[in-house]
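Written out below as structure tokens is the structure these notes cover.
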Amino acid sequence: MSLLSAAMNRIQPSATIAISNKARELKAAGRDVIALAAGEPDFETPDNIKDAAIKAIRDGQTRYTAVDGIPELKAAIVAKFKRENGLTYKPSQITVGTGGKQVLFNALVATVDVGDEVIIPAPYWVSYPDIVQFAGGTVVPVETKLEDNFKLKPEALEAAITPKTKWLIFNSPSNPSGAAYSRAEMRALTDVLVKHPQVLILTDDMYEHLVYDGFEFVTPAQVEPSLYDRTLTMNGVSKAYCMTGWRIGYAGGPEKLIKAIGTLQSQSTSNPNSIAQWAAVEALNGPQDFIAANNEVFKERRDLAVSMLNQASGITCPKPEGAFYVYPSCAGVIGKTTAGGKKIATDEDFATELLDAEGVAVVHGSAFGLGPAFRISYATATKDVEEACLRIQRFCGSLR
Ligand SMILES: Cc1ncc(COP(=O)(O)O)c(C=O)c1O
């Protein structure tokens with residue numbers, strides 16, 4: 001009898017976490033490493049949010065809460081969906097989990113059966129396919145193209161849908177490409193979805209607030225209200241509110257699904273951290289102006305990274321609308337050889353040799369299901385983004 005369950009054969013440790021850990025180890029060993037692998041803002045959680053958490057502790061908000069969130073947080077989420085997305089949910093249609101990741105995990109495990117297909121546009125966030133596979137489902141990746149700025153085209157969506165399609169997992173702005181869909185681009189996709197009533201839509205809006213140049217964020221059920229009854233609109237406080245460590249994510253959706261997510265949570269982690277929930281109430285209800293201030297900095301770094309990467313030999317980098325990632329193609333360096341004589345056959349080789357030669361940690365595109373490319377997170381000091389891009393230029397220039 002084997003120690004581990006069959007389900008464990010269907011998942012792998014997160015590639016992004018693995019690379020961040022490797023960069024941390026090299027740094028600890030004294031190497032000069034710039035890590036552009038982590039998916040979290042380098043800004044501090046705002047003080048008003050921290051203060052709300054401290055107050056919650058002092059007020060004795062330290063006990064078990066309702067499994068799927070305190071009423072005050074559900075009310076703040078209901079108000080957020082109304083205010084920012086024009087979506088009307090009742091508190092019974094809201095669930096709160098330990099990060100957006102738990103909400104996604106619960107939603108998929110609660111709904112996916114063996115044989116169910118889940119469409120995931122590639123490049124995709126690393127956790128989607130593993131969670132689907134853990135649940136027993138079949139991943140249907142749909143590759144996007146650099147020429148389309150890595151956005152899913154309606155024809156490609158249509159072609160991927162079958163009678164077995166259970167979910168489309170949609171993510172705008174995207175991790176890892178930063179691509180965000182305009183209202184017209186979203187409309188083209190929702191027009192396809194309207195024709196296929198068996199398909200549920202899981203929209204991961206985690207990077208909603210991180211958009212630049214006046215881009216207007218939209219979410220599927222807002223653009224096409226007839227999809228409301230089969231859409232789970234997922235979001236969280238991790239990225240925009242700089243609260244990755246606090247672990248609060250949430251979703252609004254059909255009551256039956258929300259209830260099932262809560263049942264699953266009641267048999268695993270129970271309620272998300274009580275203090276973090278109070279902090280999230282303040283995040284959603286409190287001042288929002290710091291988001292625009294942070295975005296100014298992110299935009300400057302995006303522009304810097306895109307411009308410098310496009311000057312690196314063999315690299316092509318589209319300019320994305322949002323998130324804090326860029327996703328350059330490294331097709332032009334595949335087949336070349338490093339100064340040390342190592343052949344670059346894949347994007348993983350590129351990332352490995354770049355880390356070795358120049359101490360720059362990036363994540364290879366094949367981890368996100370579309371290569372040869374790599375992901376850079378520019379949620380790190382501007383001077384480090386600049387220095388890392390200089391090193392990438394030097395590394396690419398040294399390849400023969
Ligand atoms: C696209 C996307 N969805 C969900 C998550 C999960 O967020 P959380 O930290 O709230 O679990 C992340 C985090 O990296 C993400 O990039």
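Ligands are counted one by one from 1 in listed order, and the atoms in each one are counted from 1 as well. Positions are given from 1, in the same order as the sequence printed here.
Checked against salt bridge (charged side-chain N to carboxylate O under 4.0 Å, His left out), Asp347 has no partners two or more places apart in sequence or in another chain. A search for salt bridge (charged side-chain N to carboxylate O under 4.0 Å, His left out) contacts involving Arg301 returns Asp42, not counting sequence neighbours. Partners of Glu300 according to the salt bridge (charged side-chain N to carboxylate O under 4.0 Å, His left out) rule, which considers only residues two or more places apart in sequence or in another chain, do not exist here.
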Pairs under 3.5 Å, nitrogen or oxygen of ligand 1 with protein nitrogen or oxygen:
{"unit_1": "ligand 1", "atom_1": "3 (N)", "unit_2": "Asp204", "atom_2": "OD1", "d": "3.4"}
{"unit_1": "ligand 1", "atom_1": "3 (N)", "unit_2": "Asp204", "atom_2": "OD2", "d": "2.5"}
{"unit_1": "ligand 1", "atom_1": "9 (O)", "unit_2": "Ser238", "atom_2": "OG", "d": "3.3"}
{"unit_1": "ligand 1", "atom_1": "9 (O)", "unit_2": "Arg247", "atom_2": "NH1", "d": "2.8"}
{"unit_1": "ligand 1", "atom_1": "10 (O)", "unit_2": "Gly100", "atom_2": "N", "d": "2.8"}
{"unit_1": "ligand 1", "atom_1": "10 (O)", "unit_2": "Ser238", "atom_2": "OG", "d": "2.6"}
{"unit_1": "ligand 1", "atom_1": "11 (O)", "unit_2": "Gly100", "atom_2": "N", "d": "3.1"}
{"unit_1": "ligand 1", "atom_1": "11 (O)", "unit_2": "Lys101", "atom_2": "N", "d": "2.9"}
{"unit_1": "ligand 1", "atom_1": "11 (O)", "unit_2": "Arg247", "atom_2": "NH2", "d": "2.7"}
{"unit_1": "ligand 1", "atom_1": "14 (O)", "unit_2": "Lys239", "atom_2": "NZ", "d": "2.6"}
{"unit_1": "ligand 1", "atom_1": "16 (O)", "unit_2": "Asn175", "atom_2": "ND2", "d": "2.8"}
{"unit_1": "ligand 1", "atom_1": "16 (O)", "unit_2": "Tyr207", "atom_2": "OH", "d": "2.8"}

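Taking the charged nitrogens against the carboxylate oxygens, Lys151 and Glu321 do have a contact shorter than 4.0 Å, which makes a salt bridge. Between Arg302 and Asp213 there is a salt bridge, since at least one side-chain N of the basic residue sits less than 4.0 Å from a carboxylate O of the acidic one.
Ring orientation note: the planes of His209 and Tyr241 are nearly perpendicular, at an angle over 60° on the 30°/60° scale.
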